[in-house]
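Shown next, in structure tokens, is the structure this report addresses.
Not measured: the values here are computed from a predicted model. Side-chain atoms are counted along with the backbone in the values below, which use heavy atoms only and exclude waters and symmetry mates.
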Amino acid sequence: MTKKYQTILFDIDDTLLDFKATENQALERLFSEIDGINLNEHIKEDFRIFNQGLWKKLEQGKISREQLLGTRFADFFNNEFNLVVDNEKISRKYLTYLSKGHQEIEGARKLLTDLKNYGYDLYVVTNGIKRVQIPRLADSHFAQFFSQIFISEEVGFQKPNKNFFDFVFENIEGSKPQNSLIIGDSLTSDVLGGINAGIDTIWFNPKNNKNLVKYKASYTVNNLFEINNILID
């Protein structure tokens, strides 16, 4: 039977690799080096909300990557602790610690193995940072499954911007939107990005969250094992 899709685009964070676990690990290592502040769950959650807000603004084009990275920790420590810190130094350490985290989402390796064996062309599409994402993919041994890795930092546009996906298709020989599919956990980045690019989408929704933004995915799954039912006969 002819496959409906040939090109499969994968998000990384909270789709293949557990970003929350990676973030927790990085914050614990970072705060262990800062005197006078005991990291707790409240601080972790405050940082998570603050950080996600910045990445949403980046997706929406309201701030630049340089603004996000250049002020993130200075603003957080000032707002949270009324403390002045060296943003560049702390940011550099944090990104290094992030790059060490590669805990897998359950079913990720089996899914990639099955799809590769079935003849799909697999690619990464991520809004992450190159110095973080490349080591994580290498350490998890996921990099071997992908023909190419597209990182917004290098592409020059973020998901869900259509220009990001135009760049992807221009750089994958023989690919076209109608035989492509994107798999990701974010409605505002992956699903909306797929809609903007005219490609089908799988929303990975393990917590069974409500779709509050109403971007309709082509398919919704609650675990990665369900994707085989969609893509493998």
Side-chain angles (χ1 to χ4, degrees), residues 11-60 62-109 126-140 142 151-153 158-159 184-190 203-213 222-224:
D11 175 52
I12 297 176
D13 290 321
D14 292 326
T15 300
L16 296 175
L17 296 178
D18 187 336
F19 183 75
K20 184 174 181 180
T22 295
E23 183 180 58
N24 281 341
Q25 171 187 294
L27 288 174
E28 286 166 3
R29 293 187 66 178
L30 181 68
F31 275 78
S32 70
E33 301 176 5
I34 299 174
D35 294 332
I37 301 176
N38 294 317
L39 182 64
N40 55 40
E41 292 304 315
H42 175 73
I43 294 173
K44 286 181 183 178
E45 185 61 19
D46 283 352
F47 179 77
R48 188 169 295 116
I49 292 170
F50 174 76
N51 192 43
Q52 287 176 348
L54 291 177
W55 282 97
K56 290 295 182 189
K57 288 182 179 179
L58 182 64
E59 283 179 15
Q60 296 163 357
K62 294 180 178 179
I63 60 174
S64 67
R65 181 178 299 271
E66 291 71 24
Q67 287 173 303
L68 188 157
L69 297 178
T71 64
R72 173 168 53 175
F73 284 101
D75 289 347
F76 179 74
F77 278 89
N78 182 53
N79 295 339
E80 192 81 6
F81 308 109
N82 196 28
L83 187 66
V84 176
V85 299
D86 184 334
N87 184 87
E88 183 179 354
K89 180 179 179 180
I90 290 183
S91 181
R92 186 167 59 248
K93 288 184 176 182
Y94 177 69
L95 294 179
T96 297
Y97 299 149
L98 274 186
S99 72
K100 306 296 183 184
H102 55 270
Q103 295 89 333
E104 300 173 16
I105 298 293
E106 184 180 9
R109 185 174 302 280
T126 175
N127 278 351
I129 298 166
K130 181 179 180 180
R131 62 171 291 198
V132 173
Q133 302 295 51
I134 295 299
R136 294 174 72 218
L137 287 170
D139 291 343
S140 63
F142 281 177
I151 302 175
S152 60
E153 181 181 13
Q158 323 291 326
K159 297 179 298 181
D185 69 297
S186 173
L187 285 166
T188 58
S189 175
D190 304 311
W203 180 31
F204 175 50
N205 182 21
K207 296 181 179 178
N208 202 28
N209 291 327
K210 291 184 178 180
N211 183 348
L212 299 178
V213 293
N222 298 125
N223 63 71
L224 295 179

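Nearest approach of Leu98 to Thr22, heavy atoms of both residues: O-CG2, 3.3 Å. Ile63 approaches Leu68 most closely through the heavy-atom pair CD1-CB, 4.1 Å. Summarising the geometry of Ser99 relative to Pro135, their closest heavy-atom pair is O-CB, 3.7 Å, with the distance given to 0.1 Å. Minimum interatomic distance between Ile105 and Leu224 (heavy atoms only, all atoms of both residues): CG2-CD1, 3.8 Å. Scanning all heavy atoms of the two residues, the minimum distance from Gly128 to Ser152 falls at O-OG, 4.0 Å.
How far CZ of Arg65 is from CD of Glu153: 5.0 Å, rounded to the nearest 0.5 Å. Interatomic distance, CZ of Arg136 versus CD1 of Ile129, reported as 10.5 Å (0.5 Å rounding). Summarising the geometry, atom CD belonging to Gln52 is positioned 10.0 Å from atom OG belonging to Ser186; distances are rounded to the nearest 0.5 Å. Once rounded to the nearest 0.5 Å, the distance linking NE2 of His102 with CG of Leu16 reads 14.0 Å. Rounding to the nearest 0.5 Å places CG of Asp11 at 10.5 Å from CZ of Phe204. Atom OG1 of Thr126 and atom CG of Leu137 lie 8.0 Å apart (nearest 0.5 Å).
Residue pairs meeting the salt bridge (Lys or Arg N to Asp or Glu O under 4.0 Å) criterion with at least one partner in residues 71-80, sequence neighbours excluded, do not occur; the list is empty. Residue pairs meeting the salt bridge (Lys or Arg N to Asp or Glu O under 4.0 Å) criterion with at least one member in residues 34-45, sequence neighbours excluded: Glu28-Lys44, Glu41-Lys44, Glu45-Arg48.
Proximity of a side-chain donor or acceptor of Asn222 to a complementary backbone N or O of Pro206 within less than 3.5 Å is not detected. Looking only at distances, no side-chain donor or acceptor of Trp203 sits under 3.5 Å from a matching main-chain atom of Gly184. Although no hydrogens or angles enter the test, the distance criterion places a donor-acceptor pair under 3.5 Å between the side chain of Asn87 and the main chain of Leu69. Remark: the backbone N or O of Ile12 is not paired with any side-chain donor or acceptor of Thr15 at under 3.5 angstrom.
The aromatic rings of Phe50 and Phe76 sit tilted relative to each other, their planes meeting at an angle between 30° and 60°.
Applying the side chain to side chain contact (heavy atoms under 4.5 Å, CB included) criterion to Glu104, with sequence neighbours excluded, gives Leu17, Arg109, Phe142. Residues passing the side-chain hydrogen bond (donor to acceptor under 3.5 Å, both in side chains) test with Glu59, sequence neighbours excluded: Thr188. Remark: Asp18 pairs with no residue by the side-chain hydrogen bond (donor to acceptor under 3.5 Å, both in side chains) rule, at least two apart or across chains. For the side-chain hydrogen bond (donor to acceptor under 3.5 Å, both in side chains) test, residues two or more places apart in sequence or in another chain that qualify with Tyr97 are Glu33.
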*Kindly determine whether Lys20 and Asp14 satisfy salt bridge (Lys or Arg N to Asp or Glu O under 4.0 Å), including the steps that lead there.*
CA-CA 8 Å; Lys20 184 174 181 180; Asp14 292 326; over 6 Å; no
*Asn209 and Leu187: side-chain contact (heavy atoms from CB on, under 4.5 Å), yes or no, with the steps?*
CA-CA 11 Å; Asn209 291 327; Leu187 285 166; over 6 Å; no
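Looking at Ile151 and Ile134, their side chains come closer than 4.5 Å, going by heavy atoms from C-beta outward. The shortest distance between side-chain heavy atoms of Gln67 and Lys57 does not fall below 4.5 Å. In this structure, the side chains of Asn127 and Leu58 stay at 4.5 Å or more apart for every pair of heavy atoms.
Counting heavy atoms of neighbouring residues, nucleotides and ligands inside a 6.0 Å radius, atom NZ of Lys56 exceeds 12 of them. Atom CG of Asn40 sits in a crowded spot, with more than 12 heavy atoms from other residues, nucleotides or ligands closer than 6.0 Å.
Taking the six-membered ring wherever Trp is involved, the centroid distance between the rings of Tyr94 and Phe47 falls below 6.0 Å.
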